[in-house]
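To find a chain, count down the sequence lines: A is the first, B the second, and so on, and within it residues start at 1.
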Amino acid sequence: MDYRLSGLKAAAEGAVWAAFPFFVMSEIAKAYEPKEVEAYWYKQWLEAGCFKAVVDSESEPYAIMIPPPNVTGMLHMGHVLDNTLQDIFVRRARLEGKSVLWQPGTDHAGIATQTKVEKQLRESEEKTKYDLGREAFLEKVWDFREQSGGVILNQLEKLGASCDWDRTSFTLDSPYSKAVLTAFVRFYQRGYIYRGQRMVNWCPATHTAISDEEVNMKPQNGFFYKMRYELVEADSERTHLEISTTRPETLMGDTAVAVHPEDERFKHLIGKAVWRPFPKAELPIIGDEYVDREFGTGCLKVTPAHDKNDFEIGQRHGLETIEVIDESGKLNGLAGEEFDGMDRFEARKKAAQKLEDMGLLIEREPYENTVGFSERGDVPIEPRLSEQWFLKYPKVEEAKRAVETGIIKFHPDRWKKTYLHWLNGIQDWCISRQLWWGHRIPVWYKKGLERSELDFSNPEHVHVSVEGPLDPENWEQEADVLDTWASSYLWPMANLGWPDPDADQQKELDYWYPTSTLVTGFDIIFFWVARMIMAGLELFGEDKESLTDEEIAERIPFKNIFIHGLIRDEKGRKMSKSLGNSPDPLDLIEKFGADGLRFGICNIAPTGSDILFSEERIQIGRNFCNKLWNASRFRQMSGPMSDNSSLEAIHARIDPSLLDDYDHWILARLAGVTEDIEKCFSSYELAPLTHQIYGFFWGDFCDWYVEASKGKLKGSEAERDNCLAIQDLVLRQVLQLANPVIPHITEELWKGLGYGSSEPFIQNMKLADASRILGVLAVDASAVERVANLQELITQARALKAKYNLASKRDVTVFFGAEGGAAQAVSDNIGLIQTLAGLGSIQALGENSADRLPAAVTPLGPIYLDLSSSLDVEAEKARLTKELAKLEKQVAAGEGKLKNPKFVDSAPAQVVEGARKQLAETTEKRDETKRILESLG
RNA sequence: GGACGGGUAGCUCAGUUGGUUAGAGCAACUGGUUUACACCCAGUAGGUCGUGGGUUCGAGUCCCUCUCCGUCCACCA
């Protein structure tokens, strides 16, 4: 079945609707079925080029660069949140008439991807990458990318993401790679990149150095070993030093023992020596202020090859560096034959055992310390001395200034503190990785020269360029590749053609750069956000020592940074495969529809902090879509469809003289919610967005306006048509306001209700602001209060019925006791009250006695339920007594406040007036309640 | 150790510069097929706004103390 036979479509196209009661058609789904609608419209959008980014000097530019997901990754809830938010921003921008670019793409994700392929290779062919060699292995990775790459982008399409897919970019594409290498060369030439032997974080699982940012500290339960190192020359006082360590397996690499130079216990020993137990060697005792006298025994074993601090001590004292742990985390021959080839954790046990056997282990106490783990490899990192490439961050001062002065704004603002704090203590970035999958560092070394002989300032020794040397046979290229983040940090500029834009790209750069908004999680502020800013500041434009604010504003990659929280499960745990608490978004789309999921995720995503996810909380999205669907169906069932082709056409159908209070009220609310939502976007506060839409549409429009209009629809044709025009106006605006969040269903209804008859897509009609939505209609603001009073009376009447278990009875009579204007307000709305409260009749109390009738007090006077014969007087008395007590308290509070001269004098007149009015109303209500209570006897 | 965020109804959270009687959704309970919607409608109940103090005519909101939770940064072997 073609879903487009649905009632909405049929009605939209049937000019002779009135003769066609479509609701008897069997095909019509009572509930919204998103599947086909979503697939249909997504295809339409693509075919019509709705997402194409076009430079249009007449329109304001709006650009978002997608945070590129891992090319071989799968869509998870974090992506759903991140991309839904981006889609909301860009779709809203389109509705505002801006010219939008949403750039999609993927990241080659060096370690993650290479590790996956290595694992596959191991499992399927029992081979390592070394068996294949660099080239053959890389072919495998490219194959893998061909198979699994881009799946995640297809998944984003299922979500409805409106990226310009023709521009899909990949960080290893050749133009992008050229940008990466160019950046490297320029940084190198400007002195920001250098090579050096440093202590780095080594990941023994993935065999590469990683940056400080990729190390996560985790508390670990281990042991604190206390052992003795015998003095070479025992004196009368002592024969040995006691030393505490958590890592006895490194003792074979010890080259000294350090004490604090002022430590009275030990300072006389400085210059003497102790025995390293195995392999047996004399170690000097040195004095170094790094040693904390209070900690442990006050004596520190120094292993310069395997500890960052020890390395520094070693540098200061010219100590020998003995590497006993290799790149895989295994001990080597220098540790002694018995340890050769042993895993480091195995060696820890064995070393402790050996010390014990030698009588040198004094104590072994359980101990919790924090250990750095490799983010990717998920094993403890090994501090390791190696040759690496480093980037000294450029334009740090400008990067701070950009955010401090608001040239770049964080939303919410508080994240700027995190950003600035990181920039303040920033260390050089290790950008080389001992991997094959990535951008190979564009540095060549002259063959025949030892690495140690290289003079980096001599172009005969070292060649650095994008293209490589002219005589490649005489050179050997650096084997390392760049950290993935040292390529994605160019994302905004490289995707627009930097560094060598052609004429078209230059236009795009001029138009869309700097981009408008970056949407991402706080977890990559350091990894990505800050680095993009610094890269842009340094590389976008001429080489400059320092930048003015104007130059900063031209070079930054984005003007706004929208930071959202991380999705966690309902218990607040991180989502992970191993916990099995990470739902597949595609299943959720199946269950709730893409729009339902989008609405739901947006609804539970407060700005900033973590988001606790549960399916239950997503249901609201599906429910809302269903409500929207049904309200639209109901609109069609309520009367003929007329000219909905434009806002003006609908305005022309409204006769202002026929507007009643309810019409004025809903129009005022419509303008209000339009403004509120405008504010959500202008202030980057999306938390209230769905709440506003939901509350207005469901609470105000469906529950009150549509219900109230049910009576009117039975009235005169003019009255009916006027009411339908108002409904059309509201629905039209709601569809546009909600469109960024739930694009598919709103597009379907837009078409179905005939709003798209002149322009095919909802995004082509500019969203009306609060004043344009009302047009020439003058809204009577005082209607708002009258409607509120009426609603209160209706609610009270319903409640009265419910209290006497009469909710379902529709023949109940209610009396109203108001006089004067209030009585008029009630009698003017008899029909409405009857309909909405479900009454048989509502009539003036007149000569009837109100005694012993259940009653309620409303802003429009008291009302009484006609129930005299079967009233439970005692229960009613109890209820009213409780009510009265509450009112007494409120009156007393109000009186006290107004008697206080300080309040009357110092509070604003408006507030005082409000308090007076409130007191008057409460007092009246109290008196009325009291009177009713007394009448019960 | 430093910084940041948070503690409001059973749960998840709103609550704008201090100003009427602190709200919503979900869950619970009661009743309901009334011209769309049970993915629905009507109603009920549920809160000393973490603790203690202060400023103020007035504090969920501002200031201070303490406490608990979360996150990030830096970490003593």
Side-chain angles (χ1 to χ4, degrees), chain A residues 23 30-32 217 224 243-247 250 258 290-292 294-297 299-303 307 309-310 369-370 412 414-415 417-418 421-422 425 522-523 525-526 566 570 572 592 596 603-604 606 608-612 614 616-617 619-638 679 683 685 687-688 691 694-695 699 702-703 706-707 710 713-714 795 798-803 805-810 835-838 886-887 889-890 893-894 896-897 900-908 910-919 921-922:
Chain A
F23 48 85
K30 268 174 80 175
Y32 171 58
M217 303 305 285
F224 207 29
I243 294 175
S244 292
T245 182
T246 53
R247 301 198 62 191
T250 62
Y290 170 77
V291 179
D292 179 352
E294 310 297 319
F295 190 84
T297 60
C299 298
L300 171 67
K301 68 192 241 353
V302 184
T303 322
D307 184 280
N309 292 314
D310 290 8
N369 65 340
T370 48
R414 64 187 159 86
W415 288 108
K417 287 182 197 159
T418 305
H421 180 256
W422 185 69
F522 56 79
D523 51 330
I525 289 178
F526 308 146
L566 300 183
E570 57 222 289
F592 301 115
N603 189 58
I604 62 173
S609 50
D610 289 349
I611 296 146
L612 304 191
S614 73
E616 227 171 47
R617 303 186 64 198
Q619 281 179 22
I620 188 172
R622 179 198 55 187
N623 296 357
F624 183 77
C625 290
N626 189 53
K627 189 74 178 176
L628 192 58
W629 178 261
N630 275 293
S632 301
R633 275 178 71 218
F634 183 67
R635 159 62 191 92
Q636 291 194 318
M637 294 165 65
S638 304
K679 218 170 122 194
S683 64
E685 284 176 36
H691 298 105
Y694 186 97
C702 292
D703 288 349
V706 172
E707 290 305 320
K710 283 178 179 172
L713 293 174
K714 285 186 277 195
T795 302
R798 286 168 175 167
L800 266 187
K801 279 180 69 184
K803 275 167 197 153
N805 288 328
L806 296 172
S808 58
K809 288 195 74 167
R810 309 194 58 75
T835 310
L836 292 186
K886 201 169 113 193
L887 289 166
K889 230 164 116 184
Q890 285 173 18
K897 188 190 277 185
N900 185 341
K902 281 183 185 168
F903 169 69
V904 181
D905 295 343
S906 47
Q910 217 182 329
V911 173
V912 177
E913 192 42 46
R916 284 222 170 84
K917 197 172 158 198
Q918 164 107 45
L919 178 61
E921 279 168 15
T922 314

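- Evaluation of the salt bridge (Lys or Arg N to Asp or Glu O under 4.0 Å) rule for A/Glu707 yields A/Lys710 as partners, not counting sequence neighbours.
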Here RNA chain B, pairs taken as Watson-Crick or G-U under 3.5 Å and shown with ( ), [ ] when crossing and | when to another strand, reads ((((((((.[[[[.)...(...]]]].(((((.......))))).....[.[[[..)....]]].])))))))....
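- Comparing A/Leu612 and A/Val706 against RNA chain B, the residue whose closest nucleotide sits nearer the 5' end is A/Leu612.
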Under a 4.0 Å heavy-atom criterion, the protein footprint on nucleotides 72-77 of chain B, written with B, S and -, is -S-BBB
Please tabulate the protein-to-nucleotide N/O contacts below 3.5 Å involving nucleotides 41-43 of chain B, giving atom names and distances.
residue	atom	partner	partner atom	Å
B/C41	OP1	A/Lys627	NZ	3.1
B/C41	OP1	A/Trp698	NE1	2.4
B/C41	OP1	A/Asp703	OD1	3.4
B/A42	O3'	A/Arg798	NH1	3.4

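- The salt bridge (Lys or Arg N to Asp or Glu O under 4.0 Å) search around A/Lys917 returns A/Glu785, not counting sequence neighbours.
- With sequence neighbours left out, A/His691 forms a side-chain hydrogen bond (donor to acceptor under 3.5 Å, both in side chains) with A/Asn603.
- Legend: residues meeting side-chain contact (heavy atoms from CB on, under 4.5 Å) with A/Thr370, ordered by chain and number and at least two apart, are A/Met217, A/Pro219.
- Remark: A/Phe624 pairs with A/Phe599, A/Tyr694, A/Phe697 by the ring-ring contact (aromatic ring centres under 6.0 Å, His included) rule, at least two apart or across chains.
- Applying the 4.0 Å criterion to OP1 and OP2 of B/C40, one finds that A/Asn623 has a side-chain N or O inside that range.
- Here A/Gly914 lies in heavy-atom contact (under 4.0 Å) with a base.
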Check nucleotides 55-60 of chain B for protein N or O atoms closer than 3.5 Å to its own N or O atoms and list the pairs.
residue	atom	partner	partner atom	Å
B/C57	O2'	A/Asn900	ND2	2.8

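- A/Lys301 and A/Thr250 share a donor-acceptor pair across their side chains, judged by distance under 3.5 Å alone.
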With sugar-phosphate taken as primed atoms, P, OP1 and OP2 and all else as base, the protein-contact string of nucleotides 45-50 of chain B at under 4.0 Å (heavy atoms; B, S, -) is ------
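- Atom NE2 in A/His691 sits roughly 7 Å away from atom C1' in B/A24 (whole-Å rounding).
- Atom OH of A/Tyr694 is separated from atom C1' of B/U12 by 14 Å (rounded to the nearest Å).
- Take A/Lys801 and apply the salt bridge (Lys or Arg N to Asp or Glu O under 4.0 Å) test, not counting sequence neighbours, and it matches no residue.
- Contacts of A/Arg622 classified as salt bridge (Lys or Arg N to Asp or Glu O under 4.0 Å), with partners at least two apart in sequence or in another chain: none.
- Residue contacts for A/Lys714: at a heavy-atom cut-off of 4.0 Å it reaches a base atom on one of the strands shown.
- At the heavy-atom level, A/Glu616 lies under 4.0 Å from the strands shown only through sugar-phosphate atoms.
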